Number of protein chains: 2
Amino acid sequence: MTGLRERKKQRTRDALIVAAHELFVTQGYEDTTVDQIAEAVDVSQRTFFRYFANKEEVALFVQDMVGQLYYEAVCARPAGESPLDCLRNTLDDAWDDVGEAVEEITPLDLHLKMCQVIETTPALLAAHLRHSLLMEEKLVQEIARRAGVDAEKDPRPRVLVAAFSGVMRTAARQWSMRNDSSLQLARQVTGDYVAQLGPALTADWGQQG
Amino acid sequence: MTGLRERKKQRTRDALIVAAHELFVTQGYEDTTVDQIAEAVDVSQRTFFRYFANKEEVALFVQDMVGQLYYEAVCARPAGESPLDCLRNTLDDAWDDVGEAVEEITPLDLHLKMCQVIETTPALLAAHLRHSLLMEEKLVQEIARRAGVDAEKDPRPRVLVAAFSGVMRTAARQWSMRNDSSLQLARQVTGDYVAQLGPALTADWGQQG
DNA sequence: TTGTCAATTGTCAGTAGCTGTCATTACCGT
DNA sequence: ACGGTAATGACAGCTACTGACAATTGACAA
């Protein structure tokens, strides 16, 4: 199962990710060439493109993994929760596991810096949003399944996931723009934003929230 | 004000847009080269890139204009509406004006087909989502201004716009995937989806909606 | 009308992302 | 040890995009 071949591939892939992230963080995404990344790991450019379909993919690899873990955590939820609670509670519960999974690939600190690079690099932000949309569709299917409704007829699963995901992305974006971004802070900011979902929709906003 | 130079530029730009859209719709975005577009309008490739920063931009030009018009319509709203009502009512009111503005550049039918191309082409979808995010930020500022709150301290403007925009994009996406996409249908679908925003968030979903 | 200035355009050369192909190397199971 | 298969490197090629410079064309005043 874990032949030498497999392990070597895994190591090369992780090395490419870490090397790429370090270059992206230090000199910027656009100013880093694929040749530089390949050279840093001592493989050919062609090999890089055998591991990652494009330059964006290596930048978003960890982010995508986080999204996937969240999705799996949603799927593993016990039945009986309301759809919104399901999405919300998963957030609290999955946090630590996600952090550990990230650290198996790259230092957490590097990942946090990479989040900022993603938010501030137009091409990466665009790709990230698209990947998020794909994940949303998977969430829609799961939420619909749990609630026992048909996602093609009932708009509520899509509406709920769209609203929730929109708020999540906004929270992540606001968090990444702070200069002291840490994991706990992320947890707090997302919690705060999601909690405001109800109040923000009510007819009148009273005084300063 | 309308010198020959200005008019000529406008005409070239519109010709590039229409030619590009026709090529994208008939043979696909990825399979259309910038050289083909330039050739269709009989200008050099270099000139194309003087009108549009990149290939995506010519594909998203009309979409961006629509977003801009919606934003301006929001800004022109009378005071006193609740934030959510403001966003929602603008939708109803601005529809016809937007349609007319589009037709001054490209046939409406071509634009509708182009919407489908955008939704189904990864690179275009990604760029479109990013442009939408920029527009959301402008909406946040305007909503915060109208409500007299500080968007940097109070999360509600961002949360509201994120939720609303998420639902809008979902509606647009669902609409574009029908095979009989028309303007009226778009109006109806978006209306339906936005109306579900409240119900989708409530704790329990009763029976099939 | 004509000449001058500035804006627009075309041409050319170059970089970077990405792909197909084929020979070579490295691992795996027998 | 050996044959087969997977991974890699080297190379050629395409397309998006950019900088630089020369040529053209419309604007505007003398």
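Computed from a predicted structure; not experimentally measured. Each chain gets a letter, A, B and so on, in the order the sequences are listed, and its residues count up from 1.
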### Query
Out of C:dA26, C:dC12, D:dG9, which has the shortest distance to the side chain of A:Lys8?
C:dA26
### Message
So, does A:Thr47 get its side chain near the phosphate of D:dG9, meaning an N or O under 4.0 Å from OP1 or OP2?
### Response
yes
#### Entry: Whole-Å gap separating P (C:dG17) and CG (A:Asp35)
7 Å
### Query
Counting side-chain heavy atoms from CB outward, which of D:dC17, D:dC11, D:dA20 is closest to B:Arg46?
D:dA20
### Query
Atom NZ of A:Lys9 to atom C1' of C:dC28: distance rounded to whole Å?
14 Å
### Query
Rounded to the nearest Å, what distance is computed from the CD atom of residue B:Glu39 to the P atom of nucleotide D:dA16?
13 Å
### Task
Report the nucleotide, chosen from D:dC17, C:dG20, D:dA7, that has the shortest atom-to-atom distance to any side-chain atom of B:Asn54.
D:dC17
### Query
Atom CD of B:Gln36 and atom C1' of D:dC14: how far apart are they, to the nearest Å?
13 Å
### Query
Starting at CZ of A:Arg7 and ending at P of C:dA26, how long is that distance when rounded to a whole Å?
17 Å
### Whole-Å distance separating the CD atom of A:Glu6 from the P atom of C:dA26
19 Å
### Query
Donor-acceptor pair, B:Asn89 side chain versus B:Asp85 backbone, under 3.5 Å?
yes
### Message
Hydrogens and angles aside, do B:Glu39 and B:Gln45 bring a side-chain donor and acceptor to less than 3.5 Å of each other?
### Response
no
### Query
Does A:Pro78 offer a backbone N or O that forms a donor-acceptor pair with the side chain of A:Arg146 under 3.5 Å?
yes
### Interatomic distance where CG belongs to A:Asp42 and C1' belongs to C:dT25 [whole Å]
15 Å
#### Entry: Any donor-acceptor N or O pair under 3.5 Å, side chains B:Gln68, B:Glu72
yes
### Query
Closest to the A:Arg5 side chain: C:dT21, D:dA16, C:dA26?
C:dA26
### Task
Figure out the CZ/C1' separation between A:Phe49 and D:dC14, and round it to whole Å.
14 Å
### Message
Is there a side-chain contact between B:Tyr51 and the phosphate of C:dT8, meaning an N or O under 4.0 Å from OP1 or OP2?
### Response
no
### Query
With a 3.5 Å cut-off and no angle check, do the side chains of A:Glu137 and A:Gln141 form a donor-acceptor pair?
yes
### Message
So if I take every side-chain heavy atom of A:Gln45 and compare against D:dG19, C:dA6, C:dC18, which nucleotide ends up nearest?
### Response
C:dC18
### Query
Of all the choices, D:dA27, D:dG9, D:dT18, which nucleotide is nearest to the side chain of A:Arg50 once you look at every atom?
D:dG9
